[in-house]
Amino acid sequence: MRLTILGSGTNVHPTRAASGYLVRTDHTILLDFGPRTLANLLKTGVNRHRITHILFSHYHADHFSDFITYFFDAMIFTKYQGGKRPPLTVIGPRGTKRLFRALFATLPGFTHAPFAVHFKEVADQAFAIGNTTVIPRTVTHTQNLHCLGYRIEYGGKALAYSGDSQYCDSLVRLCGDVDLAVLDCSFPASRPNPVHLHAGQCGAVAREAGVGQLVLSHLYPITDRYNVREQAGESFGGRIVVGRDLMAIKL
Ligand SMILES: [Zn+2]
Ligand SMILES: [Zn+2]
């Protein structure tokens, strides 16, 4: 399994794209698709038309907005440029079908794509994509919003992605004994925020869950001014990496 960080920042950030991760197993999968991550996807050299599954954690714009650009491009490619692509499955939390129904009914041409598109709402039940096991888990982010973290298992390795999350038991369980956890490290420990983890909490989650390696991601601009690696390291003794765009990690 290979992870490439397409975006390690937030919605508007001077140097980092917003949330997006490319995961390669027996399938080519995206976790979230925030602004500027599509540009980074192109830089990876991966054929964007081979992506078969996009898994959304939630629909704050910083996790979602490049989907519109991506899908419009896929339509042009298949309709006018003679391109072919496999069916696309969009997976996400409660509200996924309602959102995409409205979007596709409103944006010109979106309902006439010449390839199959499937929408699937998931909660806390494992499912398979080929030989890849995906375990979504509801995490706590903002009030009244269904947000998911994802655990992906393939070839004897496990990866966890928090999506956006506060510190919660569910997140610790999601990350239980994974080889690599990518956590929402929006803020430094000294500038906590009620709906996101801070660096110290990322370290605590990693320790409690017994993760192998911790990647700190989803950094707000202010967070780059602090040593979040050191802050997370106060609780967690394992390897800690501050994520950056286009960083690739093999599991
Ligand atoms: Zn969010
Ligand atoms: Zn976010």
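For this chain, numbers begin at 1 and follow the sequence in order. Atoms within each ligand, like the ligands themselves, are counted from 1 in listed order.
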>> I'd like to verify the contacts: list protein N, O or S atoms under a distance of 2.8 Å from the Zn ion (ligand 1).
In response: H58 NE2, H60 ND1, H141 NE2, D164 OD2
> Does L159 share a hydrophobic cluster with V242, counting links as ILVMFWY side-chain heavy atoms below 4.5 Å and allowing steps through other members?
Replying inline: no
Kindly state each residue pair satisfying ring pair (Phe, Tyr, Trp, His ring centres under 6.0 Å) with at least one member in [range], sequence neighbours excluded.
range	result
residues 131-150	H58-H141, H60-H141, H141-H196
residues 12-44	Y21-Y161, H27-H53, F33-Y70
residues 226-251	none

> Relative to each other, are the rings of F110 and F71 parallel, tilted or perpendicular (30° and 60° limits)?
Replying inline: tilted
> In terms of side-chain heavy atoms, does D164 have a donor or acceptor partner in S57 at a distance below 3.5 Å?
Replying inline: no
